[in-house]
Number of protein chains: 2
Amino acid sequence: MSVTLDHPSEASRAETRRAQVRVAAADCFRQHGFHGTSIAQISKAAGMSTGHIYHYFENKEAIIADIVARDLDRLLTLTAELRAAGDVKSAMIERAVEGVEDNLDPGTAGLQLEIVAEAARNPRVADIVRAADRQCRASLAATIRTQRLAAGHQDSEAALAGMVETLAAMFEGLQIRTIRNPDLDQAAVVQVFRRMIHDLLSQTP
Amino acid sequence: MSVTLDHPSEASRAETRRAQVRVAAADCFRQHGFHGTSIAQISKAAGMSTGHIYHYFENKEAIIADIVARDLDRLLTLTAELRAAGDVKSAMIERAVEGVEDNLDPGTAGLQLEIVAEAARNPRVADIVRAADRQCRASLAATIRTQRLAAGHQDSEAALAGMVETLAAMFEGLQIRTIRNPDLDQAAVVQVFRRMIHDLLSQTP
DNA sequence: CATTATAGAATGAACGTTCAATCTATATTG
DNA sequence: CAATATAGATTGAACGTTCATTCTATAATG
């Protein structure tokens with residue numbers, strides 16, 4: 001049997017609305033933070049009534065949780081992509097510019113920092129963030145291990161974890177840097193990052 | 001003429017009270033965030049009435065601004081210390097463990113992330129944070145330049161800025177890492193960081 | 001016509017802030 | 001040195017507002 005999906009109704013009408021709320025809410029959160037944003041603001045930005053929002057989300061926290069969960073899927077995709085590359089070292093060095101650009105974008109950085117600050121005190125958000133991070137770390141560690149093995153280096157789990165954490169700290173740290181120093185020289189950072197990534201992946205134990 | 005100050009009243013009694021509020025508020029902010037913390041909570045933690053808080057601070061934002069300003073003084077002291085070291089490279093590598101420890105402390109990290117997230121949207125906080133960061137960068141750039149010159153390397157302003165930003169991103173990035181991965185292996189990170197700092201300071205253009 | 005989508009008013013709690021009143025301790029006076 | 005005056009510290013209740021959430025009623029849909 002075949003079902004025509006010319007307008008994406010079916011179950012997706014509700015999902016469209018949910019997405020509408022998510023996008024509007026993310027925008028508000030970026031500008032005012034989670035706890036500085038009211039349901040009234042979100043409803044206005046989403047173009048619907050306050051009451052209607054509660055048709056799609058149990059409460060404000062559920063909106064936050066949904067945004068966080070979706071956002072982390074993005075990161076998982078990225079690590080998976082990297083893993084699929086032929087020459088991992090070259091791929092990482094080439095794609096460093098993307099990673100730097102992404103993390104330096106003030107919009108991205110603002111929301112990411114809001115999320116991690118919230119995770120520091122909200123267990124529900126922390127659980128989501130940590131589960132996704134665990135997956136990313138595992139993927140990145142596996143990627144680096146195969147690249148290192150191919151180059152003849154055999155690393156301990158701890159050494160591998162140290163490399164993963166350092167790489168993560170570098171890129172995620174840029175989210176903080178772009179707030180603290182909005183005039184930051186992106187090209188200069190990319191150059192140093194490339195060199196550091198090369199050194200990191202080539203270092204002998 | 002001489003004035004006896006046997007009891008430290010005069011101007012310092014008020015300052016004691018202000019400090020009391022600062023400490024209590026910082027604690028609340030760590031646990032609930034700036035906008036998740038009420039004046040009632042702060043007053044309870046500080047052991048004084050809500051109204052009395054307004055004797056020492058114009059409003060809630062002023063408490064935030066005061067905490068941020070004080071906290072950044074701490075960082076400025078650290079860069080100044082580093083600058084005074086004889087062998088800068090060795091000093092940085094040796095003291096890396098302190099920097100890692102400090103940034104991985106969940107209490108520190110939580111408040112720092114709260115501050116930078118607030119700076120992303122609150123101009124008053126942003127001004128304070130950016131002014132302090134500018135000073136830190138200048139100090140660190142000067143320190144690295146002299147160390148590099150002594151080793152025979154002449155770097156452009158941009159290259160120097162890239163190194164400074166990368167170092168800052170690494171250490172500040174740990175604040176994010178400790179939230180995302182509370183089980184992070186500190187010793188492994190220190191080892192990789194030391195190697196990276198060495199490479200960074202020794203690299204040929 | 002039944003079900004779902006939507007709007008908007010209603011509710012009660014919590015918020016930041018203000019304020020009149022009280023308490024405490026020092027200074028002034030007789 | 002007792003009595004009084006004065007200033008500043010401190011309180012907790014009160015204010016108006018805003019908040020998240022719920023309730024009720026109407027419109028759209030199939």
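In what follows, every chain begins at residue 1, and chains take the letters A, B, ... in the order their sequences are listed.
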**Student:** Taking the side chain of B/Y56 as heavy atoms from C-beta outward, which of C/dC15, C/dT17, D/dT10 is closest to it?
**Tutor:** D/dT10

**Student:** Measure the acute angle between the ring planes of B/H52 and B/H55, then classify it against the limits of 30° and 60° as parallel, tilted or perpendicular.
**Tutor:** tilted

**Student:** Where the side chain of A/I39 is concerned, which of C/dG16, D/dA20, C/dA7 is the nearest nucleotide?
**Tutor:** D/dA20

**Student:** What is the distance, to the nearest angstrom, from the NZ atom on A/K44 to the C1' atom on C/dG8?
**Tutor:** 14 Å

**Student:** The side chain of B/Y54 is closest to which nucleotide in this list: D/dT21, C/dT18, C/dA7?
**Tutor:** C/dT18

**Student:** Could you check whether B/T37 gets within reach of a base, just the sugar-phosphate, or nothing at all, counting any heavy atom under 4.0 Å?
**Tutor:** sugar-phosphate

**Student:** Using whole Å, report how far CD of A/E58 lies from P of D/dT21.
**Tutor:** 9 Å

**Student:** Could you tell me if B/Q203 and B/H153 have a donor-acceptor pair between their side chains, going purely by distance under 3.5 Å?
**Tutor:** no

**Student:** Grab the CD1-C1' distance between B/I53 and C/dC19 for me, whole Å please.
**Tutor:** 16 Å

**Student:** One thing to verify: whether A/R194 and A/D199 come together as a salt bridge, which I'm taking to mean a side-chain N less than 4.0 angstrom from a carboxylate O.
**Tutor:** no

**Student:** Indicate, with a heavy-atom threshold strictly under 4.0 Å, whether B/F57 touches base, sugar-phosphate, or nothing.
**Tutor:** nothing

**Student:** Report the nucleotide, chosen from C/dT6, C/dA9, D/dT11, that has the shortest atom-to-atom distance to any side-chain atom of A/T50.
**Tutor:** C/dA9

**Student:** Which of the following nucleotides, D/dG12, C/dC15, C/dT6, is nearest to the side chain of A/S49?
**Tutor:** C/dT6

**Student:** Write down the distance between NE2 (B/H35) and C1' (D/dA20), rounded to a whole number of angstrom.
**Tutor:** 17 Å

**Student:** Answer yes or no: is there an ion pair linking B/R145 with B/D155, defined by an N-O contact shorter than 4.0 Å?
**Tutor:** no

**Student:** Which whole-number value in Å describes the distance from A/M48 CE to C/dT4 C1'?
**Tutor:** 14 Å

**Student:** Looking only at side-chain atoms of B/H55, point me to the closest of C/dT17, C/dA7, D/dA9.
**Tutor:** D/dA9

**Student:** At less than 4.0 Å, is any side-chain N or O atom of B/H52 found next to OP1 or OP2 of D/dT11? Yes or no.
**Tutor:** no

**Student:** What are the two closest heavy atoms between B/A25 and B/I63, and how far apart are they?
**Tutor:** CB-CG2, 3.6 Å

